[in-house]
S.K.: 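My questions all concern the structure below.
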Amino acid sequence: MKKRIAVLPGDGIGKEVAKGAVEILQAVGERYNHQFEFSYGMIGGHAIDEKGKPLPEETIQLCKESDAILLGAVGGPKWDQVNPDIRPERGLLQIRKELNLYANLRPTTYFESLAKSSPLKDEVIQGVDLLMVRELTGGLYFGQPSERMDANGESAVVDTLFYKKAEMKRVIEKAFALAEKRRKKVTSIDKANVLESSRMWRETAEEVAKDYPHVYLEHMLVDNAAMQMVTNPKQFDVVVTENMFGDILSDEASVLTGSLGMLPSASLSENGPYLYEPIHGSAPDIAGKNVANPLAMILSAAMMLRESFGLETEANEVERAVKQVLDAGFRTSDIAEFSQQVTSTTEMIAEVKAMLLDNEAIMHIMGAYA
């Protein structure tokens, strides 16, 4: 198989973790005789510095000409004072619109070896396997007007929550289709007791459910969902919600695994390339120190192999390698327990790569902590 992958390292630790994902994909190509061609583009603060805008046209074109996209992270305090129209995050929102990346998939999986890294009790998180499906191109983040104004001599502000029913329907349909292949349950999150947009969301979910008679649909208000996520997360299978609610809840779900550095994501379009990225930010405070956790980015690459290229075996092998490296006791600082030896970014990448390329690497890893 030959595929072209656009790599957008972005800012902060994005460059370090993106480099790791590329190394792992190269190892997959070596083991399974695939050819992955990597082309690099700019996004976020780096693009502002070089091109004066957070998403240059050449980056958009590169992505459209690629089979899939890897994105590191964007942003940082360096660009906090720039014009809001060209903040690094605007590049992230723009690429979603340009590529019509309407559905964001964020899986949260229990890792037994990381149970102590979570602030929650093991009996609460043991066996958690949920998939957050977040609408990605509508809602408050894109609605207009979004501006400050004068209201009878007093400063005021407006943000607009706007959705077309078709935008709601397509992401809810995606959630049901995914649930049909899993445990056949969809939890739809809204605020229907207050918001008209949520009432339409709930109505649309009910309509879509009629086409999936074997999938159970339940509704949950977002405030209750936030509580249930940390008190009884095992009840969830597929969770679907609008843009802002999904942004918040999927970050909350990171405590189930112990760190944002463990959660990958995939952003799907209707007919173009998919985009893959970790859900963590650019973490400028640790950038360049070789301490960032690359596993969320590596797991995002595994999602790319599965979702974009149909390489189920290869994706499973990457995920297996990550699990076995963790089981062997390797930890970056964000998931290390007290007095546990800390592994650097490059060391963690090397261990996952070794596991992929050589079955004897298992013995090497296990011996390191003997």
S.K.: Just to verify, what does Y212 make a ring-ring contact (aromatic ring centres under 6.0 Å, His included) with, not counting sequence neighbours?
M.R.: F176
S.K.: With a 3.5 Å cut-off and sequence neighbours excluded, list the donor-acceptor pairs that the side chains of residues 295-307 form with protein atoms.
M.R.:
from: S300; atom 1: OG; to: S265; atom 2: N; distance (Å): 3.4
from: S300; atom 1: OG; to: E277; atom 2: O; distance (Å): 3.1
from: S300; atom 1: OG; to: A296; atom 2: O; distance (Å): 2.8
from: R306; atom 1: NE; to: E312; atom 2: OE1; distance (Å): 3.2
from: R306; atom 1: NE; to: E312; atom 2: OE2; distance (Å): 3.1
from: R306; atom 1: NH1; to: E319; atom 2: OE2; distance (Å): 2.9
from: R306; atom 1: NH2; to: N316; atom 2: OD1; distance (Å): 2.9
from: R306; atom 1: NH2; to: E319; atom 2: OE1; distance (Å): 2.9
from: R306; atom 1: NH2; to: E319; atom 2: OE2; distance (Å): 3.3

S.K.: Check the pair R182 / L131 against side-chain contact (heavy atoms from CB on, under 4.5 Å), numbers first and verdict last.
M.R.: CA-CA 10 Å; R182 290 170 51 97; L131 177 62; 3.9 Å; yes
S.K.: Between R202 and E207, does at least one N-O distance fall below 4.0 Å, as a salt bridge requires?
M.R.: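 Salt bridge flag = no for E207 with R202.
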S.K.: Under a 3.5 Å threshold, yes or no: a donor from one side chain and an acceptor from the other, between D327 and S113?
M.R.: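 Checked: D327/S113 side chains pair up, N/O donor to acceptor below 3.5 Å.
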S.K.: Assign the ring pair Y32 / H34 to parallel, tilted or perpendicular, where the plane angle (0 to 90°) is split at 30° and 60°.
M.R.: parallel
S.K.: Counting only pairs under 3.5 Å, give me each side-chain donor-acceptor contact of residues 55-69, with atom names and distances, residues two or more places apart or in other chains.
M.R.:
from: E58; atom 1: OE2; to: K51; atom 2: NZ; distance (Å): 3.2
from: T59; atom 1: OG1; to: M42; atom 2: N; distance (Å): 3.3
from: T59; atom 1: OG1; to: M42; atom 2: O; distance (Å): 2.7
from: Q61; atom 1: NE2; to: E65; atom 2: OE2; distance (Å): 2.9
from: S66; atom 1: OG; to: L62; atom 2: O; distance (Å): 2.7
from: D67; atom 1: OD2; to: R4; atom 2: N; distance (Å): 2.7

S.K.: Any ion pair linking K78 and D11 (charged N to carboxylate O, less than 4.0 Å)?
M.R.: no
S.K.: Indicate yes or no: does R320 engage E317 in a salt bridge with an N to O separation below 4.0 Å.
M.R.: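 Here R320 pairs with E317 in a salt bridge, since their nearest N and O are under 4.0 Å apart.
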S.K.: Would E242 and L161 satisfy side-chain contact (heavy atoms from CB on, under 4.5 Å), going step by step from the backbone distance to the final call?
M.R.: CA-CA 10 Å; E242 59 91 61; L161 198 165; 4.2 Å; yes
S.K.: Taking the hydrophobic residues Ile, Leu, Val, Met, Phe, Trp and Tyr, and joining any pair whose side-chain heavy atoms are under 4.5 Å apart, which ones share a cluster with I13?
M.R.: I286, V291
S.K.: Answer yes or no: is there a side-chain heavy-atom contact under 4.5 Å between I24 and L356?
M.R.: yes
S.K.: State whether R170 and E173 are salt-bridged, where the test is any N-O pair (Lys NZ or Arg NE/NH1/NH2 against Asp/Glu carboxylate O) under 4.0 Å.
M.R.: no
S.K.: Hey, could you give me the CZ/CD distance between F36 and Q26, rounded to the nearest 0.5 Å?
M.R.: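 Going from CZ on F36 over to CD on Q26, the span is 10.0 Å.
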S.K.: Side chain to side chain donor-acceptor pair (under 3.5 Å) with E135: which of Y102, Y163, Y141, W201?
M.R.: Y163
S.K.: Locate the shortest heavy-atom distance separating L136 from L101; write the atom from each residue and the value.
M.R.: CB-O, 3.2 Å
S.K.: I'd like to know if the side chain of S146 reaches the main chain of G143, judged simply by a donor and an acceptor atom lying under 3.5 Å from each other, with no hydrogens or angles considered.
M.R.: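 Judged by distance alone, no pair lies under 3.5 Å.
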S.K.: Using the ring of Y216 (Phe, Tyr or Trp, six-membered ring only), decide whether K184 places NZ or CZ under 6.0 Å from its centre and within 45 degrees of its axis.
M.R.: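 No; the conditions do not both hold, so K184 does not lie above the ring face of Y216.
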S.K.: How many angstroms lie between atom CG of L178 and atom CG of L105, to the nearest 0.5 angstrom?
M.R.: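 One gets 6.0 Å once the value is rounded to the nearest 0.5 Å.
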S.K.: The criterion is side-chain hydrogen bond (donor to acceptor under 3.5 Å, both in side chains); which residues satisfy it with E37, sequence neighbours excluded?
M.R.: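 Listed in chain order: nothing, the list is empty.
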S.K.: If we check side-chain contact (heavy atoms from CB on, under 4.5 Å) with L217, which of these qualifies: V186, V208, I172?
M.R.: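 For L217, the side-chain contact (heavy atoms from CB on, under 4.5 Å) test succeeds with only one of V186, V208, I172, which is V186.
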S.K.: Which pairs pass ring pair (Phe, Tyr, Trp, His ring centres under 6.0 Å) with one or both residues in residues 59-96, sequence neighbours excluded?
M.R.: none
S.K.: Do NZ/NE/NH1/NH2 and the carboxylate oxygens of D129 and K234 come within less than 4.0 Å?
M.R.: no
S.K.: Strictly below 4.0 Å, N to O, side chains only: are D237 and K185 in salt-bridge contact?
M.R.: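 Looking at K185 together with D237, the answer is no, because their closest N to O distance does not fall below 4.0 Å.
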S.K.: Hey, are the side chains of I43 and L71 touching, using non-hydrogen atoms and a 4.5 Å cut-off?
M.R.: yes
